[in-house]
Structures are given as C-alpha cells and as structure tokens.
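Model, not experiment: these values are computed from the prediction. To find a chain, count down the sequence lines: A is the first, B the second, and so on, and within it residues start at 1.
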Amino acid sequence: MAEKITKRGVNYSEWYNDLVLQSGLAEYAAVRGCMVIKPYGWAIWENMKTVLDAKFKETGHVNASFPLLIPKSFLEQEEGHAEGFAKECAVVTHYRLKTDPDKKGKLKVDEESRLEEELIIRPTSETIIWNCYKGWIQSYRDLPILINQWANVMRWEMRTRLFLRTAEFHWQEGHTAHATSEEAVEETVKMLHVYADFMENYMAVPVIKGVKTANERFAGAIETYCVEGLMQDGKALQCGTSHFLGQNFAKAFDVKFLNREGKQEFAWATSWGVSTRMMGALIMAHSDDDGLVIPPRLAPLHVVIVPIYKTPEQLAAISAIADNLMRELKALQITVKYDDSDQSKPGWKFAEYELRGVPVRIAIGGRDVENGTVEIARRDTKEKSTVKNEQLGLYIKQLLEDIQQNLYNRALQFRENNTHAVDTWDEFKTRIEQGGFVSAHWDGSSETEEKIKEETKATIRCIPLDAVQESGTCVFSGKPSSQRVLFARAY
RNA sequence: CGGGGCGUAGUUCAGCCCGGUUAGAAUGCCUGGUUUGGGACCAGGAGGCCGCUGGUUCGAAUCCAGCCGCCCCGACCA
C-alpha cells in the first residue's frame with residue numbers, strides 16, 4: 001500500500017500528513033475538518049486512555065457521561081467562557097427533516113421543527129456539568145466532586161490538521177468541585193503532574209510544566225497550567241491543560257454550599273483535559289522518514305516475527321520456533337504477531353512494520369534455524385543483531401524498556417539542544433527563527449506579549465513552574481523582570 | 001474569512017490549452033504459476049454518472065456559467 005513519504009527535511013507538515021495517512025492511523029472523513037480514526041490509530045489512543053484512566057482512578061476520580069448537546073443559554077452564563085467559545089460552535093436549530101416536494105429523493109429541513117432554544121454541540125462541558133452540580137451540592141459534605149468524562153467534542157475550527165486540530169476530537173475532561181480555593185488549586189496542580197508523568201513515562205515526550213499568561217488562558221479560568229512539548233521541527237505543542245476556575249462557574253450556575261461554619265459559599269472548580277492531539281505529539285516527537293516510531297508502552301503491537309523461507313519444511317521449522325517464542329513473549333505481557341502470510345515478501349513486510357512503528361522485529365530464516373539464532377531489529381535505531389535463540393523473552397522485555405528509555409532520552413536531548421536562554425532582542429529573533437524554546441525575560445504585560453507575537457509569531461508557551469527567580473530586563477521592552485519565561489512558535 | 005490548489009478506476013495521477021473511434025498509465029484488486037535474508041516476476045482478468053446542474057455544439061472529461069466538496073498556506077484554537 002504505502003509508498004513515498006515526504007522527507008521531514010523537505011516539508012515537515014507534508015511528512016506528517018503522509019505519515020498519518022499511510023501508516024493507517026487515520027484518514028479524512030467525508031465531513032470537512034473531521035477525521036476517521038482507523039483501528040491502528042484508535043488502538044494507540046485506547047492504550048493512552050487505559051493508562052490515563054487508571055491514573056485518574058488512582059487519584060480518586062470517577063467517570064460519568066454528560067449530554068452532547070448544551071442549551072445555548074447555558075453557554076451564556078459565564079461571560080469569559082461564552083466569548084471564548086462562541087466563534088466556534090456548531091448549533092442545532094431543528095429536529096426534523098422532510099422529503100422535498102420539489103426534488104425527488106431529496107430531504108430538506110422541516111421549518112416547522114425549529115427549536116425554541118438552539119442547542120450547541122459541546123465544545124467543552126463546563127456549563128452542562130456545573131448546571132448538574134447545582135443539584136448535587138448543598139453542603140461541604142458533598143464535596144469534593146471528582147468526575148471525569150471521556151467524550152467527543154466539537155469546535156468549528158477555521159483550519160484543521162489531522163489529530164492536531166480537527167473539528168471533532170476525542171478527549172477526557174475532568175471537572176471537579178471543591179470546598180476551598182486551596183484544595184482546588186492543589187487538584188489542578190496534581191492533575192498537571194499526572195499529565196506530565198504520562199507524557200514522559202509513556203509517550204516518552206519530555207514536557208515543561210508551567211502556567212499560561214493571561215492571553216493564553218482558558219476562557220473562564222483564573223489560572224491555566226499546561227504541559228508543553230517540543231516537536232522535531234522546533235515548534236512547541238501544548239499537550240495538556242489543567243485549569244483552576246475559581247468560583248466563576250459556581251457563580252454562573254449558582255452552586256452554593258453550606259460550609260462548616262454554616263455559611264453559604266460558592267464552590268471552587270477545576271477542569272483538565274488531554275485530547276487526541278497527543279497522537280500528534282507522539283507522531284511528531286519520535287517518528288522518522290521511514291515511518292512511525294511508537295514507544296513500546298503505547299504500541300498496540302510490540303513485536304512482529306517475520307519468517308523467511310524457501311520450502312514448506314523450512315516454514316514448518318520456523319513456525320515451531322516462532323510458536324515457542326510467542327508463548328514466551330505473551331507470558332511476559334508482550335504483544336506479538338507472527339506474520340507468515342505468503343502474500344508479500346519479507347522485504348515488503350519489513351518496510352510495512354517500520355512504517356507502522358512496531359518497536360521490535362524478529363526475522364527467522366533458514367540460517368537461523370541451522371544456527372539456533374534469530375535476527376532482532378529495533379525500530380528506534382534501525383540496528384539489527386543476530387542473537388542466540390535462548391532466553392529471548394527476557395531479552396526482548398529488556399530491549400523494549402531500552403527502546404522506551406532511548407526514545408525519551410533522545411527527545412530530551414533534542415529539547416535541550418533546542419532550548420536557549422537569550423538576553424537581547426536580536427538574539428531572540430534569530431533563535432526563534434531557528435526553532436525551539438527560547439527562555440527570556442518578559443515584563444509581564446499583555447501588550448509586550450502581543451507585540452512579540454506580531455513580530456516573530458512566537459508566543460509565551462508558559463511560565464515554567466520551576467523558573468528560578470532572577471532579576472533581568474524584558475527582552476523586548478527593557479523593563480524589569482523577575483524571571484524568565486518560555487517562548488516558542490507553536491502548533 | 002483572505003490567498004492558492006484540486007475534483008477522471010480502490011489509490012496516485014495523465015489526458016483538457018487546441019472538442020472528434022471503445023477515456024489511459026502506474027499501483028492496488030481477482031485467477032493461475034514461478035518466487036521469498038530489505039517494498040519480486042510472468043500471463044490472464046475485473047474495475048469509470050470524467051464532482052453536480054445547466055448551456056454552446058452534429059458531437060463535451062475537454063469550451064462557457066452556476067453550484068458543491070476537499071486539501072494546502074495565513075488570521076483563530078486543545
């Protein structure tokens with residue numbers, strides 16, 4: 001099937017598109033801006049979900065499901081939120097079609113079925129959920145509420161890109177309610193760390209944890225925390241966000257509770273989410289000109305075994321070896337596929353599994369049967385080695401861990417090589433042009449932030465949580481600053 | 001919403017400028033055979049409302065008008 005992927009060096013975004021389409025992760029849907037996530041892509045997303053879902057539950061959260069449709073009036077309740085999302089909402093205005101009397105076989109909207117109040121296809125669920133919470137919260141004893149929802153949402157984006165920005169996307173959204181501000185902030189930060197841990201230890205993508213500036217903050221939030229990753233083309237990608245919403249939504253939906261002192265108080269809120277956009281991060285962080293490179297901990301398939309044979313007898317001998325090996329690997333929770341299909345030659349299979357990013361390939365041929373060996377090839381480095389066919393299970397298990405670690409180290413090294421502290425405006429412009437993170441002093445004003453964006457297309461990705469306090473002067477305005485912030489061009 | 005591109009076989013595309021037999025190629029698919037240590041080869045076969053609607057013409061994939069759709073680049077966003 002797949003042929004010629006555009007080289008990264010030639011055109012990075014074409015490379016990305018080719019890769020997504022040809023590796024079978026997804027394809028364009030018949031609907032503008034929407035994508036079909038194919039079984040292989042969905043399998044990776046399912047692995048992400050499984051890990052995250054377990055982490056959410058370990059931290060005390062439970063899952064629930066809220067409606068896809070939100071009454072328009074709900075969205076109006078919280079002013080900042082409404083402004084932020086109004087421009088990109090799909091609106092349901094009617095509930096019925098009828099056959100068109102003028103055009104045979106065609107349907108038209110039945111004007112008599114107009115809804116009294118329009119419904120919005122959820123771009124995010126704060127409003128419908130806080131409307132529910134009003135009924136669920138009367139006392140501090142009802143708090144905290146720690147709920148997560150796995151769902152699809154819709155934002156009518158002007159411009160879309162596979163996984164990175166589609167009109168419909170899948171995500172999880174946590175929505176919690178707390179009795180105190182401190183507790184809500186603690187929750188916000190806790191979930192940020194859950195995300196960072198996931199990105200680094202499963203996706204093998206190192207991330208910077210930080211807070212957004214006012215400009216970049218979520219619509220309706222008091223504070224937005226984020227994890228930012230760096231892609232191979234030097235652009236930053238926001239991988240996840242966790243918001244401290246203060247009492248904004250409680251006030252908007254009149255969610256009050258009686259505290260210990262018997263006084264009415266508005267509840268404190270957080271929301272946090274990661275989406276199928278992480279698929280984009282996964283792809284862009286590790287893959288190469290030959291195809292995907294998937295970290296073992298998220299790979300739907302860890303090992304593929306390819307037989308190389310000339311005669312049925314040879315195939316039988318190879319299959320016997322493969323059977324044993326598969327049993328051993330499966331016992332170690334390693335997923336393995338034996339591709340003895342005679343539809344394609346070994347070379348074709350090699351290329352195909354490389355394209356799909358399977359971490360380890362084992363080839364067994366006539367030579368190997370004679371010598372009691374197998375050939376093992378790792379996807380991350382493309383290294384091949386011939387090893388004795390003994391104790392292979394543990395060897396492969398270790399190899400998968402090495403690959404996982406190597407991918408992380410490689411990505412971290414890349415980020416470090418592409419993160420620079422600068423102190424002058426000229427240096428800033430040069431560095432931004434070259435890509436990567438630029439650490440610089442900023443005077444803290446939105447005006448300066450806007451001007452820098454206009455001139456360089458760079459935005460403040462975040463104010464890192466671990467930023468050291470040091471006095472300096474803003475790289476643009478020369479005004480005093482107490483810490484460096486992280487700039488980059490971003491997706 | 002601005003700029004650009006594209007719509008012809010499952011897929012990628014040629015043909016269109018300059019209208020004229022039965023609309024082509026590659027690849028994929030089906031049948032049979034030979035192959036198999038880095039995307040094999042031979043032979044045969046199936047597969048098309050040429051995006052839609054209308055117009056010009058003896059005749060339209062090709063010219064004209066309108067419409068629809070998608071992709072890419074910008075502004076906006078997870």
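Applying the ring pair (Phe, Tyr, Trp, His ring centres under 6.0 Å) test to every pair with at least one member in residues 268-307 of chain A, sequence neighbours left out, gives these pairs: A/Phe56-A/Trp272, A/His61-A/Trp272.
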Annotated structure of RNA chain B as dot-bracket, pair cut-off 3.5 Å, Watson-Crick or G-U only, | for inter-strand, is (((((((..((((......[...)))).((((((.....)))))).....(((((..]....))))))))))))....

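Contact annotation for A/Lys453: backbone-only contact, meaning every heavy-atom pair under 4.0 Å involves sugar-phosphate atoms and none involves a base. Counting non-hydrogen atoms under 4.0 angstrom, A/Thr276 reaches nothing in the nucleic acid. When heavy atoms are screened at a 4.0 angstrom cut-off, A/Arg165 is found touching base atoms of the nucleic acid. Counting non-hydrogen atoms under 4.0 angstrom, A/Gly84 reaches nothing in the nucleic acid. Across all strands shown, A/Glu14 has no heavy atoms under 4.0 Å from either base or sugar-phosphate atoms. Among the protein residues, A/Asp368 comes within range of the nucleic acid bases, having at least one heavy atom under 4.0 Å from a base atom.
Taking the six-membered ring where tryptophan is involved, the planes of A/Phe249 and A/Phe253 are essentially parallel, since the angle between them stays under 30° and well short of 60°.
Among residues two or more places apart in sequence or in another chain, the ring pair (Phe, Tyr, Trp, His ring centres under 6.0 Å) test is passed with A/Tyr133 by A/Trp130, A/Trp136. The side-chain hydrogen bond (donor to acceptor under 3.5 Å, both in side chains) search around A/Lys457 returns none, not counting sequence neighbours. With sequence neighbours excluded, no residue satisfies side-chain hydrogen bond (donor to acceptor under 3.5 Å, both in side chains) with A/Thr166. Contacts of A/Asn11 classified as side-chain hydrogen bond (donor to acceptor under 3.5 Å, both in side chains), with partners at least two apart in sequence or in another chain: A/Ser13, A/Glu14.
Among the nucleotides B/G39, B/G38, B/G37, the one closest to any side-chain atom of A/Glu354 is B/G38.
Residues from residues 295-312 of chain A that place a heavy atom under 4.0 Å from any atom of RNA chain B, listed by number: A/Ile308, A/Tyr309, A/Lys310. Contacts between residues 193-219 of chain A and RNA chain B, defined by a heavy-atom separation below 4.0 Å, involve no residue at all. A heavy-atom distance below 4.0 Å to RNA chain B is reached by these residues of residues 224-245 of chain A, ordered by number: A/Gln238. Using a 4.0 Å cut-off on heavy atoms, the residues of residues 152-162 of chain A that approach RNA chain B are A/Arg155, A/Glu157, A/Met158, A/Arg159, A/Thr160, listed by number.
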Which donor-acceptor pairs under 3.5 Å do side chains of residues 82-91 of chain A form with protein atoms, sequence neighbours excluded?
none

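The same atom, C1', is picked in B/G28 and in B/G39; the two are 14 Å apart, to the nearest Å.
The pair A/Glu433-A/Arg489 meets the salt-bridge criterion, with a side-chain N (NZ, NE, NH1 or NH2) lying under 4.0 Å from an Asp/Glu carboxylate O. Ion pairing between A/Glu228 and A/Lys212 holds under the 4.0 Å rule for side-chain N and carboxylate O. With salt bridges taken as basic N to acidic carboxylate O contacts below 4.0 Å, one links A/Asp288 and A/Arg379. With respect to the salt-bridge test (charged N to carboxylate O, under 4.0 angstrom), the residues A/Asp290 and A/Lys382 qualify.
Crowding of A/Lys235 atom NZ: a count of heavy atoms from other residues, nucleotides or ligands under 6.0 Å exceeding 12.
Although no hydrogens or angles enter the test, the distance criterion places no donor-acceptor pair under 3.5 Å between the side chain of A/Asp380 and the main chain of A/Val293. Looking only at distances, no side-chain donor or acceptor of A/Lys209 sits under 3.5 Å from a matching main-chain atom of A/Ala196.
The CG atom of A/Asn47 sits 12.0 Å away from the CH2 atom of A/Trp42 when rounded to the nearest 0.5 Å.
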Please enumerate all protein N or O atoms sitting under 3.5 Å from an N or O of nucleotides 50-52 of chain B, with distances to 0.1 Å.
none

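You can call A/Phe169 stacked on the base of B/A78; the centres are under 5.5 Å apart and the planes sit within 30°.
For the residue pair A/Ser271/A/His175, the side-chain donor-acceptor check at 3.5 Å is not satisfied.
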